[in-house]
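We name chains A, B, ... by the order of the sequence lines, and we start the count at 1 in each one.
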There are 2 protein chains.
Amino acid sequence: MAITAKGRATRQRIIEGAAAYLRSDDPAGVTLDDIRAITGTSKSQIFHYFPDGKEELFLAVARYEAGRVLDDQQPHLGALTSWAAWDRWRDAVVARYRTQGRNCPLGALMSQVGSTAGANEVVSALLSRWQFHVQEGIAEMQDAGLVRASVDADRVAAAFIAGIQGGVQVLRSTGSVAHLEAALDTLIDHLKG
Amino acid sequence: MAITAKGRATRQRIIEGAAAYLRSDDPAGVTLDDIRAITGTSKSQIFHYFPDGKEELFLAVARYEAGRVLDDQQPHLGALTSWAAWDRWRDAVVARYRTQGRNCPLGALMSQVGSTAGANEVVSALLSRWQFHVQEGIAEMQDAGLVRASVDADRVAAAFIAGIQGGVQVLRSTGSVAHLEAALDTLIDHLKG
DNA sequence: ACCACGGTGGACCAGCCGGTCCAGAAAACC
DNA sequence: GGTTTTCTGGACCGGCTGGTCCACCGTGGT
């Protein structure tokens, strides 16, 4: 049997409960007991489903949250084929992080789990996929003759990723999305030439 | 006497020792005992000079590190009056963070101290000063007729800050300065028109 | 020389937190 | 129905960590 449906449900409940907690409260000092209380489980269950304890659980939550990041930007991110699409994407990104406010689930996770190899891998993979979509969008715009060919799609896509990440980080400190908007608008302006 | 020269020296030794520790080792779980050991002091001294304990000490270290950030970019950052100057500044920033590698002292501090009002204030002040210098540079380039007047200096300066912050954050995850370079180069390209 | 006050050392403590363990309930399989 | 395996509850623990306390030392002023 290995793992029953009930077990899988409990495991998922723990992940989603932890994710919800990270998203709401001040997640500076999340403790296993907090998660236990919120998810209505017991210590033994956490260690039953995540034998390596805190680190394994947090990594699972990080993967779960990382998946949501790109999903929240769809379908815009996957079809950056017109200036209108770019604008919609820009608005979706800004809206998402404005709603999120200072509480960045992934950022909080990274603060907690530190700089373990696994955590870095999750973030790197997310950023890589993200950048790939932007790069594809730039390339398609170039193919359509809407962006000049001299633009280095890979490099500018990397600049977008950096700008977004930095904008979000500034948001976490200052509570303002101005920098995020400035980065996106300036880079889109740059594409427009 | 209130506070003697010896006392001031000890206080400074604690701050600099803590800063050095944050810069070298994996600073995920810095403890007061670590700092005590490294600085060759005792618990009572730490609480003597920083009555509010860990938070006050870390805030002092954050202020100390924040001061260094802009200093490391001088004199370039203060005189962005030619394209050559911009390039030198760009190189200085990249060099600084390439040397620093994954260990970002301020980032580590922020992870530790969480999102207290004081910490946010220190970071906000730093970013604000940083952005001001960039904005001044853009304005001077515009006055000299080297950058078109249609550029919104304030907005592009904000994009620079976001791009740099994001580039550094990506560096912390992936160990590569590529994103930082991409952000700086793309934004400078944008200024060049 | 003396004294007062700041500087220093380090033992000590209380609470928290990740992690262990075992006993019992529930479910799956025969 | 019985047995085996998984799921669940919760008591328990060991050690770490921020913080306290007090006794002693060093220094500066007079």
Open item on the list: Using whole Å, what does the distance between atom C1' of nucleotide D/dG18 and atom CD of B/E56 come to?
Closed with: 14 Å
- [ ] Strictly below 4.0 Å, heavy-atom distances to any atom of DNA chain C: list the hits from residues 32-53 of chain A, or just say none.
- [x] A/L32, A/K43, A/S44, A/F47, A/G53
Open item on the list: Counting C-beta onward and ignoring hydrogens, is there a side-chain heavy-atom pair between B/P105 and B/Q100 closer than 4.5 Å?
Closed with: yes
TODO: Report the distance from atom CZ of A/F58 to atom P of C/dC17, rounded to the nearest whole Å.
DONE: 12 Å
TODO: Would you kindly give the NZ-to-C1' distance between A/K6 and C/dA28, to the nearest whole Å?
DONE: 12 Å
Task: Separation of D/dC7 P from A/I14 CD1 (nearest whole Å) - done: 11 Å
TODO: Respond yes when some side-chain nitrogen or oxygen of A/T4 is under 4.0 Å from OP1 or OP2 of D/dC7, and no when none is.
DONE: yes
Open item on the list: Both B/E55 and A/A5 contact DNA chain D. Which one's nearest nucleotide lies toward the 5' end?
Closed with: A/A5
Task: Passing option when A/R90 is tested against A/I188, A/L180, A/L187 for side chain to side chain contact (heavy atoms under 4.5 Å, CB included) - done: A/I188
Task: Ion pair check, B/R36 and B/D33, cut-off under 4.0 Å - done: yes
Open item on the list: As a test of understanding, state which of A/W130, A/W86, A/F132 forms a ring-ring contact (aromatic ring centres under 6.0 Å, His included) with A/F160.
Closed with: A/W86
Task: A/K54 side-chain proximity, nearest of D/dC7, C/dG18, C/dG7 - done: C/dG18
Open item on the list: D/dC16, OP1 or OP2 - any side-chain N/O from B/T31 closer than 4.0 Å?
Closed with: no
Task: B/Q73, CD atom: more than 12 neighbouring heavy atoms under 6.0 Å - done: yes
Open item on the list: Quick check: do B/R96 and B/V69 have side-chain heavy atoms less than 4.5 Å from each other?
Closed with: yes
